Amino acid sequence: MLLTLMILGLAALIGTSESQTGCYGDINKVDTTGASCRTAKAEGLPYCGIRASAMIAEKDLHTMNNYKTIIKSAGRKKCVDPAVIAGIISRESHAGKALKGGWGDHGNGFGLMQVDKRSHKLVGQWNSEAHVLQGTGILVDMIKGIQKKFPRWTKEQQLKGGISAYNAGLGNVQSYDKMDIGTTGNDYANDVVARAKYYKRNGY
C-alpha cells in the first residue's frame, strides 16, 4: 500500500514538473548569450546580450498577458513549456504589436508566431489558440527533427536547436555552437531562450 502511494506521489510530481517544463527539456538549463547587438540596436537598446533580451521581453509582457491563457493551453496540449512559446511570440511579433492586421514579414508571416504562408496552410485567426497550436506544432516538428539529426545532444541542446530551426529550418542547424548563424540577426535561438527565461520568471 505504502509503495503504491509512493509511486502515485512520484507520478504526480513528475506530471506537475512536466506540465511546467514540457517534454523537451528545461528552458532554465539551456545556455544562452541573449540578443545580438544588431537585434538590441534595432530595439533601441545601447547594450546587448541576456540583459537586452530580458528588457525586450519585459516591454512585451503586458500585451503578452492578454494571450497567457491560450499560450498555457497550447503548451499543455503540445507538451511545450509556455515560456518557450511566449519567447517565440515576443521575438516574432512583439506579442502582436509589430503586426498589421495580423500580418508581418512583408505579408508572408501570419499571426503571433509568424507562421509563413508560403510553407504552411494557415489555421485560425492571427491571435487565436488554433494559431498558437499550429505554431507550437511546427516548433515540435523542428525539435523532433533536431532529435533525429543530433541524437547525442542533450534534451536542452535539442530544444535550443529546434528553436533555431523554427526560424531558419533544420538544414541551417549544422553544429551546436554555430546554430544561430544564418538565423535572423544571427541570434534567434539565443535571444528566444533568454526571453523565455524571463517569461518563465513571470508566470509562464
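Values reported hereafter were calculated over all heavy atoms of this structure, with side chains retained and with hydrogens, waters and symmetry mates removed. What you see is a predicted model, and the numbers here were worked out from it, not measured in a lab.
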Pi-cation contact, [Y] with [X] (under 6.0 Å, within 45°):
{"X": "Arg195", "Y": "Tyr198", "value": "no"}
{"X": "Lys155", "Y": "Tyr24", "value": "no"}
{"X": "Lys117", "Y": "Trp103", "value": "yes"}

Under 3.5 Å, which donor-acceptor pairs link side chains of residues 135-147 to any protein atom two or more places apart or in another chain?
residue: Thr136; atom: OG1; partner: Val132; partner atom: O; Å: 2.7

For [X] and [Y], test the side chains for any donor-to-acceptor distance below 3.5 angstrom and give the result as yes or no.
{"X": "Asn190", "Y": "Asp180", "result": "yes"}
{"X": "Tyr188", "Y": "Asn172", "result": "no"}
{"X": "Tyr176", "Y": "Gln158", "result": "no"}

Cluster overlap [X] with [Y], hydrophobic side-chain contacts below 4.5 Å:
{"X": "Val193", "Y": "Met113", "value": "yes"}
{"X": "Ile71", "Y": "Leu61", "value": "yes"}
{"X": "Ile56", "Y": "Leu99", "value": "no"}

Report the relative orientation of the aromatic rings in Phe110 and His131; use parallel for angles under 30°, tilted for 30 to 60°, perpendicular for over 60°.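 The rings of Phe110 and His131 stand perpendicular, inter-plane angle above 60°.
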
Walk me through it: do Asp191 and Thr39 pass the test side-chain hydrogen bond (donor to acceptor under 3.5 Å, both in side chains)? CA-CA 9 Å; Asp191 184 24; Thr39 295; 5.0 Å; no

Spacing of Arg91 atom CZ and Tyr166 atom OH [to the nearest 0.5 Å]: 12.5 Å

Residue pair Ser93 / Trp126, side-chain heavy-atom distance below 4.5 Å: no

Please determine if Lys59 and Glu43 form a salt bridge, counting it only when a charged side-chain N lies under 4.0 Å from a carboxylate O. no

Out of Lys200, Lys72, Lys197, which one pairs with Asp81 under the salt bridge (charged side-chain N to carboxylate O under 4.0 Å, His left out) rule? Lys200

